[in-house]
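Presented below is the structure to which this report refers.
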Amino acid sequence: MDGRSRRTPTSLGRARSEWCGVMLLAVGARADGQEAGPGETPTAAPPSATVFGAAPLPELHGVWSFEYRWRKTADDHDQDLFSLLGLDWGDARQRPLTAHLLLRGAADLDGTTDATGGYAFDSLADTYDQRVTGQLYQAWVGGHLDGAVADWRAGRFTLDEAPIVTTIDGGSVATRPTNGLEIEFGACGGIPVHFLESSSDGDWLVGLYSQARGWAGARTRLDWLHVEDETRFADSEDDLVGISHWQQLSRQSDLFGRLTWLEGEARDLQLRGRIDDPKGWRASVTYFELLSTQKELTTEFDPFFESAFQYEPYRQVQLAGGSEFGRHLDVAAGVDVRRLRNRDDEAAFNHEFERWYLAPTLLDLPADGTSIAFLGEVWDADRERYVTLGGDATVECGERWKVRGGTHFALYRYDLYQDRELDRVRTWFLGVDWNVARRTRLRADYEHEQDRFDRYQTLRMRLSWAF
Amino acid sequence: MGLLKRVPAILGGALAVAALGCLMSGRFGFGAATPGFPHAAHGEEAGLDCTACHAGAESGDEPGMPKLSQCQLCHKDLDEGKPPEQQATAFFLENALQAQRLAALTDEVRFSHQAHVASYGIACADCHGDLAANPRVTADVRVTMAKCVDCHAARKAPNECATCHQEIRIDRPPADHVASWKREHGGALRMGGREESGSCAICHQQSACDACHRTELPQDHGGYWRRRGHGVAVAVDRNRCATCHQSDSCDRCHQESSPVSHTASWGSPRDRHCVTCHLPLGGDQGCATCHQAAPSHALAAPLPANHAPGMNCRQCHGLTAPLPHPDKGDQCTACHR
């Protein structure tokens, strides 16, 4: 068999994962300016980075949270500890350098795993050998220059303006917009980050883009991405070209369109229009068409091929909108309709469907500080149907406390072994938010879920500190 | 091949959008629908001071946009013999200035020229740059909010929202941040791209976005979802999964752990596992989704010589000769050919 068919974590990946996890769980981060020595009065950090509308922030600021999770079924139980650290350094408007870091660590406190599928709480974390794991999501430094090259970034960051959103370990540069058309060029390159892949050997990505503002309210962007990826069955490489256009029609309305080609063949077409009226109503319409069959591709473009097989061409229209009715009621609703280009392509993982949702919300009713939200959603395909109904209420008790509670019902109808299966899942949940101090919040949630196979209880306690 | 037929329609649609954009942006004041005023001809070339035309800029809250009568003091003689579109009157309609005003503030914003010029000694060029040399007013001469904030920060002036805004406040979310904003903000951000994320940055730090997106799960991602429900959802619409997941998360889980359905009659003798992938037939990988070393099903025994292709397999194999397959002979010829 192919030697690459089953990868094991590399020693480097394992060491990196452990370091991230242990660092977060064992070490606190201080970011409140200078530390005071014994007997000294701590001095406030000098106001430097500025955020609109707030008192100047310390030069280093962010969020740090701890979460304890306890889960139980009739036969199994599980306890985990998580920590998330997000750091922002600098302000792009004030400093030539900025940086961002996002780490998450997880520790399996009871260490129960079972690869046979008999353990209710099997998870991706259990596919690693160690009980403490970590993920480095973002770690980059960026610069803002006065010359021809206006922006650069290096480290681990997300390409969020490209036709596909992906994270890379690498760098990017962008030129300063020039002349009346504000023409801008940019490039990026590096190793794509697949957080759950055991090895990045053979993976790399390079991209170029050009952008211009041809007329008022318009922005047009041309992208090219080349990706190489060693996947499970073969080495893949893909080239994507995309052209995107944003058009602002007014302060409240805009249009968007994108057309992409993959390996020289048209891949997808996306058109959107949106209006957001200050009188309290909003509407959007989206048209999406998958223009060609998507099979095994690099991870960035892969349509979950190994689990769901190939993705057949289809057209989909989405209408969504909402409106305020007076001071106390907001209603949001939407409908999606998908149709395959070729009806014969209907298969287990290629369906035509209709989807509707309705989400009314009562605000400050029955009393100020109370909101009651409802959600009904139906996904209706030929053999599968998925319905959810739910409601939750949030009550503010003074300035520091907030209480939440609600229920959620889901109905799954599907074909398994050519029999009609119908599963009902009922969930009840209750939560409390407590603003312990100005920048510290404690949150506790309890959830009870019941289906025909099992009953799950989940308790979460999260302490967050924004600094 | 279908796209070739659509190219003219797509191009036509794109041109229509562009034309609509030009038309609408002009109508709503974003485009150069009216003549752009040549400040360079008045400032740099004629040597006029800013206050020669903007008389009220130092003594009032407004920038003192000139009236036609003020321009006519010079242009009545200067424009003699010129075509109408090159006269000063082209910038006015019934004595109201029609020239493009890219720096116009909404009523919601408080700003006083007098306070900045007379009280704080700020020069015109400190905010408006080299406008005196600008030949035609374009978007790049706008005084942006970022510039205001930078200057306030540098001079240690108040930078709270309420300093300039009458309604916008850091502790008061925008009107659309209620009700279903948690569901809709992703779409709004994707629509605007970098422009929209810049608006979000007014109040939100990147860490705040990450802290939510890396810790909050959708409501339906509970115990049932993890063990069975997500399979139903991905069968209906795999695009929803792609919002947060790439294929490596599916592949790792499916390679390392068995689905919950691998119990009871999954294996021999009922072999119900076959049905999941083979009935109805679909996809190239089949059981190779999970199994890597299973013998090829192409090695299935062919039909015996005395079996005609159209024979009803179930007549014998469903009733008298047992089959290990759960379909009882309905799809035999899918493998046994």
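Lettering follows sequence order; numbering is per chain, from 1. Small disclaimer: the values here were computed from a predicted structure and weren't measured.
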Hey, could you give me the CZ/CG distance between B:Arg228 and A:Asp451, rounded to the nearest 0.5 Å? 8.5 Å
Donor-acceptor contact present, side-chain B:Arg252 to main-chain A:Leu124, <3.5 Å: no
With sequence neighbours left out, what residues match A:Phe453 under ring-ring contact (aromatic ring centres under 6.0 Å, His included)? none
Step by step, work out the side-chain contact (heavy atoms from CB on, under 4.5 Å) result for A:Asn350 and B:Arg238. CA-CA 9 Å; A:Asn350 285 285; B:Arg238 66 182 87 176; 3.9 Å; yes
Using the side-chain contact (heavy atoms from CB on, under 4.5 Å) rule, take B:Gln246 and A:Thr166 through it: C-alpha gap first, then chi angles, then the decisive distance, then the call. CA-CA 9 Å; B:Gln246 285 183 321; A:Thr166 191; 3.9 Å; yes
Calculate, to the nearest 0.5 Å, the distance between atoms CG and CG belonging to A:Leu375 and B:Asp220 respectively. 9.5 Å
Between chain B and each of A:Tyr311, A:Tyr456, A:Tyr386, count heavy-atom pairs under 4.5 Å; write down the option with the most. A:Tyr311
Between atom OG of B:Ser247 and atom CD of A:Glu306, what is the distance when rounded to the nearest 0.5 Å? 7.5 Å
Heavy-atom pairs under 4.5 Å with chain B, option from A:Ala218, A:Ala381, A:Pro303 with the top count: A:Pro303
At a heavy-atom separation under 4.5 Å, does A:Asp392 approach chain B through its side chain, its backbone, both, or neither? neither
Can you tell me how far apart NE2 (B:His245) and CZ (A:Phe195) are? Round to the nearest 0.5 Å. 13.0 Å
Roughly how far, to the nearest 0.5 Å, is OG of B:Ser249 from CZ of A:Phe304? 6.5 Å
Quick check on B:Cys164 against chain A: is it the side chain, the backbone, both or neither that has a heavy atom closer than 4.5 Å? neither
Under 4.5 Å from any heavy atom of chain A, what part of B:Arg226 do you find: side chain, backbone, both or neither? side chain
Under the criterion side-chain contact (heavy atoms from CB on, under 4.5 Å), I'd like the reasoning laid out for B:Val236 against A:Arg355: C-alpha separation, chi angles, the key distance, then a yes or no. CA-CA 10 Å; B:Val236 175; A:Arg355 169 198 169 229; over 6 Å; no
Residue set satisfying ring-ring contact (aromatic ring centres under 6.0 Å, His included) with A:Phe353, at least two apart, ordered chain then number -> A:Trp379
So for A:Ala308, is it side chain, backbone, both, or neither that comes closer than 4.5 Å to the heavy atoms of chain B? both
Nearest 0.5 Å, what's the OG1-CZ distance between A:Thr73 and B:Arg227? 7.5 Å
Is it the side chain or the backbone of A:His194 that comes within 4.5 Å of chain B heavy atoms, both, or neither? both
Interchain contact, A:Glu300 with chain B, by part (heavy-atom threshold 4.5 Å): both
Chain B heavy atoms under 4.5 Å from A:Pro313: which part of the residue, side chain, backbone, both or neither? neither
Scored by heavy-atom pairs under 4.5 Å with chain B, the best of A:Asp302, A:Leu362, A:Asp423 is A:Asp423
